[in-house]
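Some notes on the structure that comes next.
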2 protein chains.
Amino acid sequence: MIKPRSRRGGGRPTIADVARKAGVGAITVSRALREPERVSQDLRRQIQLAVDELGYVPDPNARALASARAEVFGVLVPSLTNNVFAEVVRGIYDSLSDSPFRIQLGNTHYSGLEEERLLQVFGSQRPAALVVAGIDQTPTSRKLLENAGCPVVQVMETGPDPVDMMVGFSHLDGGRTATEHLIEMGYRRIGFIGARMDPRSQRRLAGYHAAMEKAGLFDPRLVTTTPLLSSVSLGRELFRDALAKMPTLDGVFCNNDDIALGVLFECHRAAIDVPKTIGIVGFNDLDMMQVAFPSITSIRTHRYEIGRRAVAMALAAIAGNRPQERIVDLGFELRRRESTAR
Amino acid sequence: MIKPRSRRGGGRPTIADVARKAGVGAITVSRALREPERVSQDLRRQIQLAVDELGYVPDPNARALASARAEVFGVLVPSLTNNVFAEVVRGIYDSLSDSPFRIQLGNTHYSGLEEERLLQVFGSQRPAALVVAGIDQTPTSRKLLENAGCPVVQVMETGPDPVDMMVGFSHLDGGRTATEHLIEMGYRRIGFIGARMDPRSQRRLAGYHAAMEKAGLFDPRLVTTTPLLSSVSLGRELFRDALAKMPTLDGVFCNNDDIALGVLFECHRAAIDVPKTIGIVGFNDLDMMQVAFPSITSIRTHRYEIGRRAVAMALAAIAGNRPQERIVDLGFELRRRESTAR
DNA sequence: CAACGTAATGGTAGCGCTACCATATGCATC
DNA sequence: GATGCATATGGTAGCGCTACCATTACGTTG
């Protein structure tokens, strides 16, 4: 006896329904959908008709199970609200919106352990590609990435030893460039202010350190950091701390633009002249840096482009033509503005 | 003849491997993992041992196919970089990080068509729940949501006619409250400045309009809007436009905080006194509003909480106890600050 | 003590798709 | 005309899991 069709599925049309309606085999429907060039014009048209008529949509779960490959990009970032990562993610989304790939976004909260957990979860569904922020994965995470069996792109930074591919820039050079600019503009007692000292911030600090040493200006009391999450209000507080510690401060290189903005506001409030008394340099160059008064010098980074490039590289690798250059350095640019124009 | 185990799967251990090792049936392993209380202590221990030893991780795709239900939350927002939605998304992520649910995040770019497309894609994998921003879905989108066969939460706004559940607040009331505050503080020629006039912005404008009408202060020339994407620099430009159009302007209610910040910076630049000459009110109350100089009055909205609440409601519905209140209004608060303290 | 739960376990049969292999057809090649 | 080979299509057998329906062992009840 024949049972009523499908107890479980919500009665959605399946590939078999389409095949029946179009008078072809199921596999031909499958092919018509995935590799149309391998099916004759005639059948293709017929199948398309049946698909439209039934409102057939392939089941991605069944597809993933059968092909041992999910059409999913796994993306791991340390923060969802930090504009910097949001821009990278936006680049990724925009590059993938015309593709069949879905995106699974994970938030590691800057935690290596959480990253491992998410990598485990993401890996278990056999994603088409993985994009992760940073190059400082734990050994476990690294192994998970290496064994993921799909293209992997590390973004935001470049380094010597990619898991697979990399798109980013040198935070050390960025920090150095920012600091050298302040020195060049005549500032001498230049502080470093940083929150959330993740590995990238550490390297910016290292760049600052290198530049200051080279100029013979380094003094450990010039450095003010905290592990707390970065914010504008924190920038203000850190700047007050820095000033209390070192009243002769005449410039600051800020870990990021939020901090720089906090510094600027505090200068307004305390009637400290920018750029005469204090010079300010930020990092990332958010839109508002050029609108601020005075406008704030910052290191422009190409976040959106990093996201786009990462997807382009992953897509190429999926298609079988792995890019020549496994490490792409998109660089950065110093934007000179009023906040350092003494 | 027996073929070598599994040509396709990458040789990962399956539930059958675990069952064999633990000396039980596959279904018992499945149960031990999903409903441990239905399996005896003894077997549970044994199975856990086998799982650990083999490093078994269930295949979510197979699971989804067999159970006709993916452990996925679909989340649709109009923008990834707008801090407002980023906060909602963060709330969703934080609430889901200890659950087995993965998150699929879609970016509609404020487009109804794109929303329809994403709903189609998301729906096809039978998600456990859907969270969408806004209450102004197209008829097609609404139908897709109604037929999704899973809990649906509309967030950011409340309205009379939920698809299923709602968490948000009244943007109209928010706009009205902001405007009434300006009036109360003695401002009279109060402008509205808004970018990206999405439905929520429209309702804030309506609130502004209502308050101004009621006070007998409305004048259409006081309203300055643009469909362009909101940004700090755009806020500055719109404010200049508004001032050119209406030089006697003495206050502005800004569509959002980015715009308000742009206005503030332009006032600095043009040496316009805030709050004496111009009063400023923003919307959303980003962290930096209280740090700005002068600090900016804003309507505080509970974005993070909206995300958390939406997940809590969806989770309850999945568990079978749909909340009594299908519409949750989380309200907002007026934060009075220096920018309106005449 | 027969009849009847109830708790714990297992077997079978798919879920909806695609990898793999087979088959059929047409056409160039020798 | 037999052979080979590319092109177009189809059948079969899973992918790794869980829904559904046994089955067994052990009370509990009148």
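Lettering follows sequence order; numbering is per chain, from 1.
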> Can you tell me how far the OG atom of Ser95(A) sits from the CE atom of Met313(A), to the nearest 0.5 Å?
Replying inline: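 Here the interatomic distance stands at 13.0 Å.
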> Between CG of Asn107(B) and CG of Leu80(B), what distance do you get to the nearest 0.5 Å?
Replying inline: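 Answer rounded to 0.5 Å: 4.5 Å.
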> For Thr108(B), what residues pass the side-chain hydrogen bond (donor to acceptor under 3.5 Å, both in side chains) criterion, not counting sequence neighbours?
Replying inline: none
> In chain order, what residues pass the side-chain hydrogen bond (donor to acceptor under 3.5 Å, both in side chains) check against Asp198(B), with sequence neighbours excluded?
Replying inline: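 Counting only residues at least two positions away or on another chain, Asp198(B) forms a side-chain hydrogen bond (donor to acceptor under 3.5 Å, both in side chains) with Ser201(B).
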>> Using the rule given for side-chain contact (heavy atoms from CB on, under 4.5 Å), can you reason through Val121(A) versus Leu119(A), listing the C-alpha separation, both sets of side-chain angles and the distance that settles it, and then say yes or no?
In response: CA-CA 5 Å; Val121(A) 171; Leu119(A) 243 22; over 6 Å; no
Just how far, in rounded Å, is [atom2] of [N] from [atom1] of [X]?
X         : N       : atom1 : atom2 : value
Glu35(A)  : dT18(C) : CD    : P     : 10 Å
Ile47(B)  : dC17(D) : CD1   : P     : 13 Å
Arg44(B)  : dA7(C)  : CZ    : P     : 15 Å
Asp17(A)  : dG16(C) : CG    : P     : 9 Å
Arg126(A) : dA19(C) : CZ    : C1'   : 14 Å
Asp59(A)  : dG16(C) : CG    : C1'   : 6 Å
Asn61(A)  : dC15(D) : CG    : C1'   : 13 Å

>> Heavy atoms from C-beta onward define the side chain here; which of dC15(D), dA19(D), dC17(C) lies closest to that of Leu65(A)?
In response: dC15(D)
> Would you say a side-chain N or O of Ser30(B) is under 4.0 Å from OP1 or OP2 of dC17(D)?
Replying inline: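 Answer is no, no contact under 4.0 Å.
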>> Does a side-chain N or O of Arg34(B) approach OP1 or OP2 of dT18(D) to a distance below 4.0 Å, or not?
In response: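 Answer is yes, contact under 4.0 Å.
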Check the interface with nucleotides 7-11 of chain D: list each N/O to N/O pair with the protein under 3.5 Å, or write none.
residue	atom	partner	partner atom	Å
dT9(D)	OP1	Ser40(A)	OG	2.8
dT9(D)	OP2	Ser40(A)	N	2.8
dT9(D)	OP2	Ser40(A)	OG	3.3
dG10(D)	OP1	Gly25(A)	N	3.4
dG10(D)	OP2	Gly25(A)	N	2.9
dG10(D)	OP2	Thr28(A)	OG1	2.4
dG10(D)	N7	Arg31(A)	NH2	2.9

>> Out of the candidates Val84(A), Ile135(A), Val132(A), only one should pair with Met156(A) under the side chain to side chain contact (heavy atoms under 4.5 Å, CB included) rule; please name it.
In response: Val84(A)
> Per the end-axis method with five pairs at each terminus, what is the bend angle of the helix from dC1(C)-dG30(D) to dC30(C)-dG1(D), to 10°?
Replying inline: 40°
Can you give the donor-acceptor pairs under 3.5 Å from side chains of residues 160-167 of chain A to other protein atoms, not counting sequence neighbours?
residue	atom	partner	partner atom	Å
Asp161(A)	OD2	Arg142(A)	NH2	3.4
Asp164(A)	OD1	Arg322(A)	NH1	2.6
Asp164(A)	OD2	Val152(A)	N	2.9
Asp164(A)	OD2	Arg322(A)	NH1	3.2

> Is the closest side-chain heavy-atom distance between Val77(A) and Val75(A) below 4.5 Å?
Replying inline: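 The answer is yes, as the side chains (C-beta and beyond) meet within the 4.5 Å cut-off.
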>> Holding to salt bridge (charged side-chain N to carboxylate O under 4.0 Å, His left out), I want the full list of residues that pass it with Arg45(B), two or more places apart in sequence or in another chain.
In response: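 Arg45(B) satisfies salt bridge (charged side-chain N to carboxylate O under 4.0 Å, His left out) with Asp42(B) only.
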